[in-house]
Amino acid sequence: MTEQVTIIGAGIVGICCALSLQERGIPVRLVDRGEPGQETSFGNAGVVSPWSIIPQAVPGIWKKLPQMLLDPKSALSVRASFWPKMIPWGLRFLGKSGEKTVREVSDAMELLCRPSIDLYRRHLQGTEHENLITDSYYIHAFRNPEHADLDELGYLIRREKGGELERIDSAELRRLEPALSKDFKAAIVIKGQARATSPGRLGAVLAEKVRAQGAEVVRTEVTKLARAEDGGWQIGTSQETLHAHHVVLAAGVWSADLLKPLGLPVPLVAERGYHVEFPTPSAVLNNSIMDVDAKVVASSMQGGLRVAGTAEFGGIDAPPDPRKEKILTDQAKSLVPDLDTDGVQFWMGRRPSFPDSLPAIGPVSGQDGLFTAFGHSHYGLMMAPKTGELVADIVSDRRPNIDLAPFSLARF
């Protein structure tokens with residue numbers, strides 16, 4: 001196939017879809033209201049983890065939710081106006097928390113996450129920005145050493161699949177991360193990882209590669225997706241109506257509203273994440289660090305030290321909660337006591353989350369020429385390159401040698 005493919009959404013997933021399509025000789029058009037890679041993709045913690053293969057819903061999580069929801073400083077919050085939508089989504093979420101389901105979901109997540117480092121490095125070749133992906137450990141730090149248990153289900157699954165994990169004591173943790181608080185008494189080190197030293201810059205560099213390889217990039221807001229009389233697709237925008245025979249919907253959380261008029265309601269919610277970044281931190285972390293108690297991740301980046309986390313469920317267009325800045329700043333100081341917090345930068349983005357932590361990837365049944373690539377939850381940075389490979393194979397009529405059923409919209 002050599003006909004142009006239109007990709008709605010130029011986040012890291014849309015960009016990777018474009019790169020993989022171009023590798024197969026297929027011209028692309030990227031459509032987004034903003035600069036490529038500068039929305040949700042911009043603000044994550046930068047972890048590129050082949051072993052981020054454990055879904056959010058795990059056994060026993062129902063016991064922890066009430067306490068988390070009642071604690072104003074916890075990583076989980078729900079806007080009051082969002083509860084009518086949250087309850088049915090939450091029931092689906094809890095229904096996915098059994099061990100059998102967790103293992104099935106983990107198998108599907110592994111397909112997307114395992115090749116992420118190699119694929120990013122392939123995409124970055126020749127850009128002169130190969131250092132945007134650097135080798136790293138992913139260190140899960142614990143204040144209570146008894147909680148650092150390699151036999152806990154998430155760590156056990158990783159080890160069963162070949163992950164190299166090591167439990168270390170406080171002395172070894174100090175050696176690896178001298179700037180980390182002495183309150184952390186043990187850690188689990190997940191090896192064979194990488195991190196993006198600037199997620200926003202990564203998106204910008206790869207988007208520029210897409211442009212240099214001949215892509216058409218249209219800066220406009222998509223307002224409607226509808227069937228055209230010739231069997232193709234009309235893409236309504238704030239400026240004009242575009243036409244395409246093949247459309248990849250990679251618009252993140254905004255994808256759901258574009259599917260509704262087609263009779264395709266999907267249980268996708270805006271799981272809003274926040275970060276604070278300290279431009280002159282006076283402290284450096286050598287690896288990506290998760291504070292397991294606070295559920296935040298810290299990483300040194302080109303722009304300073306970033307601490308990212310929280311899961312706030314609310315409307316897509318609801319304003320950021322300003323209280324999160326102080327909460328995250330306090331958590332950052334708890335992680336790195338010598339941190340210089342002057343000039344803190346505060347950011348909020350919207351993760352597109354399904355109840356099972358898996359994205360929607362593949363053709364849409366009954367909608368010829370329409371393909372999905374959205375809903376990557378917390379894992380978009382890891383899953384984007386392989387998502388692009390799968391979409392490119394499907395669009396070009398190649399048959400991926402994997403079962404795509406876990407990623408089908410029909411699962412809902």
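Predicted model, so just to flag it, every value in this text is computed and none were measured. Below, each value reflects all heavy atoms present in this structure, side chains not excepted, and no hydrogens, waters or symmetry copies.
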- Where Q331 and A294 come nearest, the two heavy atoms and their spacing: NE2-CB, 3.8 Å
- Item | Contact summary for A186 and A148, nearest pair of heavy atoms | CB-CB, 4.0 Å
- Message: Would you say the ring centers of F313 and W89 fall short of 6.0 Å from each other?
- Response: yes
- Do the side chains of F374 and P359 get nearer than 4.5 Å, heavy atoms only? no
- Task: Check for a donor-acceptor pair, side chain of K295 on one end and backbone N or O of V292 on the other, with a separation under 3.5 Å.
- Result: yes
- Are any of the side-chain heavy atoms of V253 and R351 separated by less than 4.5 Å? no
- Item | CG on L285 to CG on L305, rounded to 0.5 Å | 5.0 Å
- Have S49 and Q193 got a donor and an acceptor in their side chains that come within less than 3.5 Å? yes
- Query: Does a salt bridge link E35 with R219, judged by any charged N lying under 4.0 Å from a carboxylate O?
  - Reply: yes
- Walk me through it: do E130 and Y120 pass the test side-chain hydrogen bond (donor to acceptor under 3.5 Å, both in side chains)? CA-CA 9 Å; E130 289 83 357; Y120 270 125; over 6 Å; no
- So does R350 pair up with E271, basic N to acidic O under 4.0 Å? no
- Item | Within-4.5 Å side-chain heavy-atom neighbours: N286 and L176 | no
- Query: Taking R411 for the side chain and S408 for the main chain, is one N or O donor matched with an acceptor at less than 3.5 Å?
  - Reply: yes
- Query: Does the separation of the ring centres of Y138 and H140 fall below 6.0 angstrom?
  - Reply: yes
- Do the side chain of D340 and the main chain of P281 share a donor and acceptor less than 3.5 angstrom apart? no
- Item | R33/E39 ion pair, N-O < 4.0 Å | yes
- Query: More than 12 heavy atoms of other residues, nucleotides or ligands under 6.0 Å from CD of Q67: is that the case?
  - Reply: no
- Taking only Lys NZ, Arg NE, NH1 and NH2, and the carboxylate oxygens of Asp or Glu, determine whether D135 and R195 approach each other closer than 4.0 Å. no
- So, for F184 and F142, is the gap between ring centers shorter than 6.0 Å? no
- Answer yes or no: is there an ion pair linking K73 with D330, defined by an N-O contact shorter than 4.0 Å? no
